[in-house]
Number of protein chains: 2
Amino acid sequence: MATTIKDVAHECGLSITTVSLVLNNKPNRISEKNKQKIFEAAQKLNYIPSQTAVSMKTKKTNTIGLILPDINNNYFSELAKSMEEECSLHGYTVIYGNTSDNPKKDLTYTTTFLSKGVDVLVVIHSNISSLKEQKKILELAQSTNTPLLSIDREFEKIDVSSISVDRFSGSYQAVKHLTDLGHTRIGCITGTNHSKRSSQRLQGYKQALSDAGLPFEDELVYSGDFHVESGSDAFFYLWNQGVTAIFACNDVMAMGVYLEARRANIDIPRDLSVVGFDDIFFAKYIYPPLTTVAQPITEIGYEAAQQALSMASSTHASTKSTILKTSFVLRESTAPPNIRK
Amino acid sequence: MATTIKDVAHECGLSITTVSLVLNNKPNRISEKNKQKIFEAAQKLNYIPSQTAVSMKTKKTNTIGLILPDINNNYFSELAKSMEEECSLHGYTVIYGNTSDNPKKDLTYTTTFLSKGVDVLVVIHSNISSLKEQKKILELAQSTNTPLLSIDREFEKIDVSSISVDRFSGSYQAVKHLTDLGHTRIGCITGTNHSKRSSQRLQGYKQALSDAGLPFEDELVYSGDFHVESGSDAFFYLWNQGVTAIFACNDVMAMGVYLEARRANIDIPRDLSVVGFDDIFFAKYIYPPLTTVAQPITEIGYEAAQQALSMASSTHASTKSTILKTSFVLRESTAPPNIRK
DNA sequence: CTCCTTTGATAAAACGTTTTACTCTATTTT
DNA sequence: AAAATAGAGTAAAACGTTTTATCAAAGGAG
């Protein structure tokens, strides 16, 4: 069996209390001689305190629960990484669960994590989660007195602390760049329809169009789903609509466009300009390097960690919502329109 | 405060024991009437048992610790995902830590996770971890009686259960494909030098060359580091050496080759054939789709979960090492050599 | 009427810590 | 010499469960 505090106490002929006091560096009046003895014994016996037992007393697990759709998606993995990094720096561990965008799983992970006693629950809920499900998550969190933090997306109509990104101005900038270049037929590939994130991006597209004196045309909007294939499908559709530029609501769909454009021997950016959204790792490595709207992913993760950590220690429960700015990244996938013969 | 078992016992006017027995569905002789009462009270009070307390008694946390270099690397995230999926199906949660290939962190996470009482510790240790560090990890695990599983790489000279991939035959196949096409000057971009994984791949390269009656030439091997940039650097170097084909020890470095080849207006596969290793998500979406050696990543994750779960329940401690097969994926990045003018 | 069995339920110990309040001895103060 | 103080350390309760051993009441057998 693993070494317990009792073992080290016994080893030095001192009491459990004494050992605990010394090892945790609590105010005490133990002689230097004995302190040394204790440190040595702990070392020698490979004593590792049982966090389980500690948590029992302290009501803290130093653990943060992270619920996200898909760790294999670079956007989320980057976020998870920067968040974990910051948390571990402060002695916190993160446990995570993949929901695969299944709202049922949002709930089961919530329960599991709460039962594990996470100090804070951070959730990036499924795209299609309903208001009812969101409420249930909040209710569970509250019934265990666990702070809840939503990142990347807000809880609809519920007052929950959140960290998100200004998607409207991000996509506005992207599309404005295209109108500035002189494009007049600009296609848009949206993400999952009922997603708030997606609709904010669409709003930015509309606004930029209207500011440039261009009409909004329904047939230039293709309903995608954030995956590569829908980008490919969108390409065929939009190209037939005669667009000279495409704004994709994420980089992955932009890659779908690249793929088919190349197959069809259509040159980017000469024949077709493409702008993405997210600035995932690979965006700069595809050819031509993709012009895109960068989400400050690392910063979101860092910010999330900061906020989670502060929620973990203070009981002060006012909700707070942080909105971060995107930045426009000009690379080589856009050019003035090339009138087709 | 959160609802405890005491609260629900009080609510129904029954004892703690009774509630525990019923809720855990343990053999008991409680009347149907009272069982119902208990279920209802638990529901009503949003009772979520404290896993911390449960673990105290049962000595099980239903948690698996996963230590890996970088969750933002698609190879690891895919692995982590499939592993987590399988674990959660069996009621296990995974906690994870990013080491950024820093062997010191291998150790700190080991300690943290053991102190949290993980039921199994799964580690993908840093590329550059030394034998001494590996031994320390094993020692710590043993001193807490925690089963240890190594994936993707073996512990050098230490008898630890592991799951890995037959990298030798994978790279042999890749290079044989190139010699079969008629290539005679084939470059190789290796990964981090002292990594066993990398050297196994190099062995496959050598063997395939020799089987085709070709000499092994030191100057056709470029020492990379598994990152994009080193692929780009390798391209310049190898192209000057007059190669007509390149075998990159991972897909990400192959992407570096693509990038610079395109800039230099060198057509893949007409002027240069490229084969990668791993078959990451993006391999099929770049242009031309990358011919590569697929690691059965999902399977590794699944296998890892299976083995971890079995280690968690049985005390039977014989070590076991599993080696999985790679598969060759023919896409469009290779062709017979095109003699340069 | 007494003894045994069955039914339904419970008291209490244990898990490994932290922490509060205490004890005991030796020294100093009056 | 008695009282106060300082110094060094400890006993025991508590955290929320699980589980073993036990108990009381009721019904049946003799």
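Per chain, numbering begins at 1; letters A, B, ... match sequence-line order.
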Novice: With sequence neighbours excluded, what pairs up with A/Tyr109 under the ring-ring contact (aromatic ring centres under 6.0 Å, His included) test?
Specialist: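 Per chain and number, A/Tyr109 pairs via ring-ring contact (aromatic ring centres under 6.0 Å, His included) with A/Phe113.
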
Novice: Could you give the NZ-to-C1' distance, from A/Lys6 to C/dT17, as a whole number of Å?
Specialist: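 In whole Å, C/dT17 C1' lies 11 Å from A/Lys6 NZ.
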
Novice: Compare side-chain N and O positions of A/Asn34 against OP1 and OP2 of D/dA8 and report whether any pair is under 4.0 Å apart.
Specialist: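 The answer is no; no side-chain N or O of A/Asn34 sits under 4.0 Å from OP1 or OP2.
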
Novice: Start with the C-alpha distance between B/Ser129 and B/Asp106, add both sets of side-chain angles, then the distance that settles side chain to side chain donor-acceptor pair (under 3.5 Å), and finish with yes or no.
Specialist: CA-CA 8 Å; B/Ser129 91; B/Asp106 286 3; 4.7 Å; no

Novice: Rounded to whole angstrom units, what separation is found between the CD1 atom of A/Ile16 and the P atom of C/dT18?
Specialist: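 Result: 10 Å.
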
Novice: Work out which heavy atom in B/Asp119 is nearest to a heavy atom in B/Thr146; give both atom names and the distance.
Specialist: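 Reported closest heavy-atom pair: O-CG2, 3.9 Å.
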
Novice: Using the side-chain heavy atoms of A/Leu14, tell me which of these nucleotides is nearest: D/dG16, D/dT10, C/dT18.
Specialist: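 Looking only at side-chain atoms, A/Leu14 lies closest to D/dT10.
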
Novice: Would you tabulate the side-chain donor-acceptor contacts of residues 26-46 of chain B under 3.5 Å, counting partners in other chains and residues two or more places apart, or write 'none'?
Specialist:
unit_1	atom_1	unit_2	atom_2	d
B/Asn28	OD1	B/Ile30	N	3.1
B/Asn28	ND2	B/Lys26	O	2.8
B/Ser31	OG	B/Asn34	N	3.4
B/Lys44	NZ	B/Glu11	OE2	2.7
B/Asn46	ND2	A/Glu139	OE2	3.1

Novice: Counting only side-chain N and O atoms of A/Ser20, is one of them less than 4.0 Å from OP1 or OP2 of C/dT18?
Specialist: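 A/Ser20 to C/dT18 OP1/OP2: side-chain N or O found under 4.0 Å.
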
Novice: Select from B/Thr52 and A/Ser15 the residue whose nearest nucleotide in DNA chain D is closer to the 5' end of that strand.
Specialist: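 Mapping each residue to its closest nucleotide by heavy atoms, the 5'-most match is A/Ser15.
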
Novice: Respond yes when some side-chain nitrogen or oxygen of B/Thr18 is under 4.0 Å from OP1 or OP2 of C/dT10, and no when none is.
Specialist: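 So the side chain of B/Thr18 is within the cut-off, an N or O lying under 4.0 Å from OP1 or OP2 of C/dT10.
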
Novice: Figure out the CE/P separation between A/Met56 and C/dT19, and round it to whole Å.
Specialist: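 That distance rounds to 14 Å.
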
Novice: Starting from the C-alpha separation in whole Å, work towards a yes-or-no answer on side chain to side chain donor-acceptor pair (under 3.5 Å) for B/Tyr96 and A/Glu84.
Specialist: CA-CA 9 Å; B/Tyr96 89 99; A/Glu84 193 273 334; 5.0 Å; no

Novice: Does C/dT18 have OP1 or OP2 sitting under 4.0 Å from an N or O in the side chain of A/Asn24?
Specialist: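 For A/Asn24, the contact criterion (side-chain N or O under 4.0 Å from OP1 or OP2 of C/dT18) is met.
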
Novice: Can you identify which nucleotide, out of C/dT17, D/dT17, D/dG9, has its nearest atom closest to the A/Ser50 side chain?
Specialist: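 From the listed options, C/dT17 comes nearest.
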
Novice: Counting C-beta onward and ignoring hydrogens, is there a side-chain heavy-atom pair between A/Lys60 and A/Tyr92 closer than 4.5 Å?
Specialist: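 A/Lys60 reaches A/Tyr92 side chain to side chain.
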
Novice: Answer yes or no: is there a donor N or O on one side and an acceptor on the other, between the side chain of B/Lys135 and the main chain of B/Ser130, under 3.5 Å?
Specialist: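 No; judged by distance alone, with no hydrogens or angles, the pair does not exist.
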
Novice: It should be established whether B/Lys59 places a side-chain nitrogen or oxygen under 4.0 Å from OP1 or OP2 of nucleotide D/dT18.
Specialist: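 False: B/Lys59 side-chain N/O out of range (4.0 Å or more) of D/dT18 OP1/OP2.
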
Novice: Could you check how far CG of A/Asn28 sits from C1' of D/dT10, rounded to whole Å?
Specialist: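 The distance from CG of A/Asn28 to C1' of D/dT10 comes to 13 Å, rounded to the nearest Å.
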
Novice: Checking the side chain of B/Ser77 only, and the main-chain atoms of A/Ser77 only, is there a donor and an acceptor separated by less than 3.5 Å?
Specialist: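 No, because the side chain of B/Ser77 does not come within donor-acceptor range (under 3.5 Å) of the backbone of A/Ser77.
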
Novice: Taking atom P of C/dT19 as reference, at what distance in whole Å does atom CG of A/Asn25 sit?
Specialist: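 To the nearest whole Å, that distance equals 13 Å.
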
Novice: Please tell me if B/Tyr47 has a side-chain N or O lying less than 4.0 Å from either OP1 or OP2 of D/dG16.
Specialist: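 For D/dG16, neither OP1 nor OP2 has a side-chain N or O of B/Tyr47 closer than 4.0 Å.
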
Novice: Starting from P on D/dA8, measure out to CD1 on A/Ile38 and report it in whole angstrom.
Specialist: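 That distance rounds to 14 Å.
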
Novice: Take atom NZ of B/Lys33 and atom P of C/dA9, then tell me their distance rounded to the nearest Å.
Specialist: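 After rounding, the reported distance stands at 9 Å.
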
Novice: How does each nucleotide of nucleotides 20-25 of chain C score, in 5' to 3' order, for protein heavy atoms under 4.0 Å: base (B), sugar-phosphate only (S), or none (-)?
Specialist: B-----

Novice: Could you state the atom-to-atom distance from CG of A/Leu23 to C1' of C/dG16 in whole Å?
Specialist: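 Spelled out: CG on A/Leu23 to C1' on C/dG16 is 14 Å.
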
Novice: For a quick test of reading the model: is some side-chain N or O of B/Lys26 closer than 4.0 Å to OP1 or OP2 of D/dT19?
Specialist: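 Looking at the OP1 and OP2 atoms of D/dT19, one of them is under 4.0 Å from a side-chain N or O of B/Lys26.
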
